[in-house]
Amino acid sequence: MSTATVTAAADSPATAVYGVAGMSCGHCSAAVTEALSVLPGVTEVEIDLPGRRALVTSAAPLETAAVRDAVEGAGYQLI
C-alpha cells in the first residue's frame with residue numbers, strides 16, 4: 001500500500017511526495033515526470049532519483065488512484 005505526504009494551505013498549491021519503485025536512470029525520471037505532469041492540476045514534478053521519490057505540486061490534492069495509474073502506465077510502481 002502506498003502512502004503520500006501531502007501538504008496544503010488555503011489558497012495554496014498541494015505538495016505530495018510519492019515513492020516510485022523501478023526508477024534507476026535519467027530516462028526513468030523523464031518517463032515518470034512526463035506521466036505525472038499530464039495529470040489535471042499538476043504544476044510541477046521533481047524527481048529524487050537516489051531516493052526513488054516524486055515530489056508533485058498541484059492546484060489541489062491528487063487522487064492516489066490517478067497517481068498510481070500514471071506511474072504504472074509509465075512502467076513503474078507507486079510504493
Which atom pair, heavy atoms only, marks the closest approach of Leu39 to Ala66? CD2-O, 3.9 Å

Show your working on side-chain contact (heavy atoms from CB on, under 4.5 Å) between Ile79 and Val20 and close with a plain yes or no. CA-CA 6 Å; Ile79 54 173; Val20 181; 5.8 Å; no

So does Ile47 get a backbone contact from the side chain of Arg53, meaning a donor-acceptor N/O pair under 3.5 Å? no

Which pair of non-hydrogen atoms, one from Pro61 and one from Ala14, has the smallest distance, and what is that distance? N-CB, 3.6 Å

Show your working on side-chain contact (heavy atoms from CB on, under 4.5 Å) between Val42 and Val56 and close with a plain yes or no. CA-CA 7 Å; Val42 171; Val56 182; 4.0 Å; yes

When every non-hydrogen atom of Arg52 is compared with those of Met23, the smallest separation belongs to NE-O, 3.1 Å

Quick one: OG on Ser29 to OH on Tyr76, what's the gap to the nearest 0.5 Å? 8.0 Å

Decide side-chain contact (heavy atoms from CB on, under 4.5 Å) for Leu62 and Tyr18; before the verdict, give the C-alpha distance in whole Å, the side-chain angles of both, and the deciding distance to 0.1 Å. CA-CA 11 Å; Leu62 299 171; Tyr18 300 94; 4.0 Å; yes

So, Thr33 side chain and Val45 main chain: donor-acceptor pair closer than 3.5 Å or not? no

List the steps, then state whether side-chain contact (heavy atoms from CB on, under 4.5 Å) holds for Asp48 with Leu55. CA-CA 8 Å; Asp48 170 13; Leu55 173 70; over 6 Å; no

Quick one: closest heavy-atom pair of Ala70 and Leu36, and the distance? CB-CD2, 4.2 Å

Glu63, CD: over 12 other non-hydrogen atoms inside 6.0 angstrom: no

